[in-house]
Enquirer: 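Take a look at this one; I'll ask things after.
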Amino acid sequence: MALIVQKYGGTSVGSIERIEAVAAKVAAVRDRGDQVVVVVSAMSGETNRLIALAQEISEFPSSREMDVLLSTGEQVTIALLSMALHKLGCPARSYTGGQVRILTDSAFSKARILDIDGAPVQADLDAGKVVVVAGFQGVNEAGNITTLGRGGSDTTAVAMAAALKADECQIFTDVDGVYTTDPRVEPKARKLDKITFEEMLEMASLGSKVLQIRAVEFAGKYNVPLRVLSSFEEGDGTLITFEEDDMEQAKISGIAFSRDEAKLTILGVPDQPGVAYSILGPVSGANIEVDMIVQNIAKDETTDFTFTVHRNDYHKALELLHETAEVVGAREVIGTENIVKISLVGVGMRSHAGIASKMFETLAQEGINIQMISTSEIKISVVVDQKYLELGVRALHDAFELSAPVS
Ligand code: ASP
Ligand code: MG
């Protein structure tokens, strides 16, 4: 007998028909003798609808009341799904986050889970019931309702799985797994059978939005095997797990990219101790996250300094940089929003040399100019002009033989 946590996202529970289809899938797992905890999101569009209602009243509603409001979306789904399970003759009980006692900190709208008491849920499971838990919500020490941030139901599912020491946490969604890259950019992208937590974190943080990043971090930390699979199609999806010796050692597992980048350069800064701090200090002080950083070798006692930020932060960062330029006596400030970041991700990189040079060679052959480069143990990223995104991703996908073998 296995204990499985299943999570169904908004589209998977977007209508009564779909909720009934989920109930049938869940009941089938219980019928084969396994224990099931189901975590559900709000019905698709519901969270956005609730946000819009609040916005009609106030541009800055109280964050406590916002969480009270948004948590209702998931509460609707748990009740309906439990009713649908009852209709199939399957015993089931719904719980809000507070009822399971998913204890969180008090950061409304982005709370972190501190503790879950798995015992009452386990008692229900042992009594043969399916347990249905509202995703995305918890309760703080004082009993206030909190929410975990958009996409937070993924994290609820992983946290439940960790607390119950589940055999697997299955995330059912509208895609059938994790792909080598976004199939909308490269139609030859292939579904991966397995990927490591580390790689998935890189893929997720670089913009392949299959799972909430926090959920992947949590799963890696507590060693919860995580599987992404489709609600609508049969298939084994993609298993996110630890690196194993027998894991097919591809050099590269996938290509991630991000269109949300912007680049800023400050030219002719006096080259002296404290330069980087005087430039980046104000930026981080304004809560702007800096991604890549490049400082040139000094020439004539001055240097150039370039960094990237999220596109949403571009104008603010540019403003700050102009102020800094005045203070430190820099020559000029320039910037552009017309850039993207393309990254090769793979744990196989650790044991294979020459990945970077092959990447640069491939881009050169396509006439794509690389503006910045950064590397980590399992990732190589380049910044290029946004007009080369599709071309670059496809060329790299071919060069590293990521496409499905033609049979
Ligand atoms: N309903 C919430 C959202 O839309 C949480 C979730 O679906 O994971 O972000
Ligand atoms: Mg989601």
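In this text the structure is predicted, and so the values were computed from the model without any measurement. Remember, it's 1-based here, ligands and their atoms both numbered in the order they're listed.
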Enquirer: Assess Gly9 for proximity to ligand 1: is some non-hydrogen atom of it under 4.0 Å away?
Expert: no
Enquirer: Please list, in number order, the atoms of ligand 1 under 4.0 Å from a heavy atom of Ser41.
Expert: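 In order of numbering, the contacting atoms are 6 (C), 7 (O), 8 (O).
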Enquirer: Quick check: Glu74 and ligand 1, any N/O pair under 3.5 Å apart?
Expert: yes
Enquirer: Taking the side chain as every heavy atom from C-beta outward, state whether Thr196 and Thr241 have any pair of such atoms under 4.5 Å apart.
Expert: no
Enquirer: Using a strict 4.0 Å cut-off to heavy atoms of Arg150, name the atoms of ligand 1 that fall inside it.
Expert: 3 (C), 4 (O), 9 (O)
Enquirer: Could you tell me how the ring of Phe172 sits relative to the ring of Tyr8: parallel (under 30°), tilted (30 to 60°) or perpendicular (over 60°)?
Expert: parallel
Enquirer: If you measure every N or O of Asp154 against every N or O of ligand 1, does any of those distances drop under 3.5 Å?
Expert: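 No, no N or O pair falls under 3.5 Å.
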Enquirer: Tell me yes or no: between the side chains of Thr146 and Thr104, is some donor less than 3.5 Å from an acceptor?
Expert: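 Distance-only check passes for Thr146 and Thr104.
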Enquirer: Mark the output for Gly151 as yes if a heavy-atom distance to ligand 1 is under 4.0 Å, and as no if none is.
Expert: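 In this structure, Gly151 qualifies as a contact of ligand 1 - some heavy atom is under 4.0 Å.
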Enquirer: Verify the distance criterion only: is there a donor paired with an acceptor across the side chains of Gln137 and Thr147 at less than 3.5 Å?
Expert: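 Judged by distance alone, the side chains do not pair up.
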Enquirer: side-chain contact (heavy atoms from CB on, under 4.5 Å) with Thr336: which residues, sequence neighbours excluded?
Expert: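 With neighbours one apart ignored, the set is Lys263, Asn338, Ile339.
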Enquirer: Any nitrogen or oxygen of Phe136, main chain or side chain, under 3.5 Å from a nitrogen or oxygen of ligand 1?
Expert: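 Between Phe136 and ligand 1 (N or O atoms, distance only) the closest approach is not under 3.5 Å.
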Enquirer: Hey, looking at atom 6 (C) of ligand 1, which of Gly73, Ser153, Ala157, Ala215 has the closest heavy atom?
Expert: Ser153
Enquirer: Checking Tyr388 now: which residues fulfil ring pair (Phe, Tyr, Trp, His ring centres under 6.0 Å) with it, not counting sequence neighbours?
Expert: none
